[in-house]
Amino acid sequence: AERLSGCVRPSDTVARLAKEAAKFDAVTLPPDQRRQMNLLKLSLELVTPADPKLAEEVTTLGSSLEGAYGRGKWCRDLAVPSTCLDIEKITEIMATSRDPKQLRDVWEGWQQVGAPMRKDYQRFIQLANVGAKELGFADAGAMWRQKYDMPADDFTKEVDRLWAQVRPLYVSLHTYVRMKLHEKYGDVVAANGPIPAYLLGNIWAQDWSNVSDLVSSGNTSTGYSLTSILTQRRTSPIDMVKTGERFYTSLGFAPLPKTFWERSLFTKPADRDVVCHASAWDIDSVEDVRIKMCIDPTEEDFTTIHHEL
């Protein structure tokens, strides 16, 4: 594979190599070489089209969409800058507020931030599908689903099979949480049907732990608040990352390289907008690994930084 020492490999170079690997799809190869070819084809989340103009367009769209998301703010009153909330502040409100009107306002406000991105995102997906088709996949989704050592359709069937097994547990959990939130908020939460997403403590409703105090039976308390402990100890973002590093070195993993600490982003910059949503990056597939995250001294972020590492 091409690699320039100390330089980041451009995604279009990796895409070109992946497309060259696709030329050998019909060739009989030893199992280890076939797997290498397949993994090379699946090495990117986004395959840029062969057409240079389309490749540039999809790359530009991706950067533009990420920038718009990072700059996104919802303002109660556009004439009053102090009423403008970014995703960090909205996330905090979603996690801690118990005022259903406030929660609905900030949740719906954040949806307004994404609405103008719809057209560019649709075009982005069209171009992503072009690149995936050039590799022989039906679309980008099929390429993603084929990353699990099975055909894309088989992966879909396996997910459906597993979901059928755990669905009764999730239905029971949903019903219980809905009942408890109905007790808290009254008719804001209907006795039947879906739970309003804005009441689940998370801007994406993907994690309900922030409402555990509302739905707990009272017998599941840990007896302590990790968030309070981190706050009382004045735990810094670097301290939290160092704690995560110590966990992994205790398992036998190597310490993080010096460049990790020099090149990662751990706190929200004061001079520019960034996407604070946590992510981990292996820049050169050798030793340049980084974290991008705006870390707060909370239990959720303490867990997240371990996850990212």
Side-chain angles (χ1 to χ4, degrees), residues 65 68-69 72-76 83 85-122 124-125 139-142 144-145 148 152-153 155-222 227 275-279 296 298-301 303-304 307:
L65 287 165
Y69 191 85
K73 291 182 176 64
W74 171 65
C75 303
R76 295 180 186 276
T83 68
L85 306 175
D86 63 11
I87 191 172
E88 287 288 285
K89 186 59 180 177
I90 290 177
T91 297
E92 179 184 338
I93 293 172
M94 295 290 295
T96 59
S97 175
R98 297 296 182 252
D99 179 344
K101 184 180 185 307
Q102 181 189 33
L103 289 168
R104 181 166 185 166
D105 284 347
V106 297
W107 187 87
E108 291 183 345
W110 184 251
Q111 309 312 306
Q112 296 174 20
V113 171
M117 304 179 198
R118 180 186 298 271
K119 184 177 179 181
D120 282 350
Y121 183 69
Q122 289 174 331
F124 178 81
I125 294 301
D139 53 34
W144 294 344
R145 291 190 296 275
Y148 298 90
D153 290 343
F155 176 74
T156 301
K157 294 175 183 176
E158 180 66 6
V159 170
D160 289 341
R161 185 186 71 82
L162 293 171
W163 168 240
Q165 292 182 5
V166 300
R167 184 177 184 276
L169 170 63
Y170 275 81
V171 171
S172 296
L173 176 63
H174 182 277
T175 303
Y176 172 78
V177 171
R178 181 179 61 202
M179 176 192 70
K180 300 297 285 188
L181 292 179
H182 178 74
E183 292 175 358
K184 169 67 176 177
Y185 294 114
D187 290 341
V188 173
V189 181
N192 296 290
I195 303 170
Y198 60 86
L199 295 177
L200 290 168
N202 179 274
I203 196 170
W204 305 281
Q206 68 181 160
D207 181 338
W208 299 3
S209 59
N210 287 322
V211 297
S212 60
D213 61 309
L214 300 180
V215 303
S216 170
S217 64
N219 299 320
T220 58
S221 173
T222 59
T227 297
V275 177
C276 279
H277 189 69
S279 56
D296 294 315
T298 64
E299 178 177 359
E300 182 175 1
D301 281 9
T303 302
T304 298
H307 167 74

Taking atom types as modelled, find out whether Ser97 and Asp99 have a side-chain donor-acceptor pair closer than 3.5 angstrom.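 Result is no, nothing qualifies.
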Point-to-point distance, once rounded to the nearest 0.5 Å, from [atom1] of [X] to [atom2] of [Y]:
| X | Y | atom1 | atom2 | result |
| --- | --- | --- | --- | --- |
| Asp120 | Arg118 | CG | CZ | 12.0 Å |
| Ile87 | Leu85 | CD1 | CG | 11.5 Å |
| Thr175 | Tyr170 | OG1 | OH | 14.0 Å |
| Trp74 | Glu108 | CH2 | CD | 9.0 Å |

Exam field: side chain [X] to backbone [Y], donor-acceptor pair closer than 3.5 Å:
| X | Y | value |
| --- | --- | --- |
| Gln102 | Arg98 | no |
| Arg104 | Tyr198 | no |
| Asp86 | Lys89 | yes |
| Ser216 | Asp213 | no |
| Arg178 | Ala191 | yes |
| Thr303 | Glu299 | yes |
| Tyr176 | Val215 | yes |

Could you tell me if the side chain of [Y] sits less than 4.5 Å from the side chain of [X], heavy atoms only?
| X | Y | result |
| --- | --- | --- |
| Lys180 | Leu214 | no |
| Met94 | Asn210 | no |
| Ile203 | Ile90 | yes |
| Leu199 | Lys184 | no |
| Arg76 | Val106 | yes |
| Thr91 | Trp110 | no |
| Glu88 | Asp296 | yes |
| Val177 | Leu200 | yes |

Taking atom [atom1] of [X] as the centre, report whether more than 12 heavy atoms of other residues, nucleotides or ligands fall under 6.0 Å from it.
| X | atom1 | value |
| --- | --- | --- |
| Arg161 | CZ | yes |
| Asp187 | CG | no |
| Tyr185 | OH | yes |
| Tyr148 | OH | no |

Is any NZ, NE, NH1 or NH2 atom of the basic residue among Asp105 and Lys101 found under 4.0 Å from an Asp or Glu carboxylate oxygen of the other?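 Between Lys101 and Asp105 there is a salt bridge, with a charged N closer than 4.0 Å to a carboxylate O.
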Measure across Met117 and Leu65 and return the closest heavy-atom pair with its distance rounded to 0.1 Å.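 The pair with the smallest heavy-atom distance is CB-CD2, 3.7 Å.
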Minimum heavy-atom distance Leu181-Ile195, with the two atoms named: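 What the structure gives for the nearest pair is CD1-CG2, 3.8 Å.
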Checking Glu300 against Asn202 for the side chain to side chain contact (heavy atoms under 4.5 Å, CB included) test, could you report, in this order, the C-alpha distance in whole Å, the side-chain angles of both residues, the deciding distance, and whether it holds? CA-CA 11 Å; Glu300 182 175 1; Asn202 179 274; 4.1 Å; yes
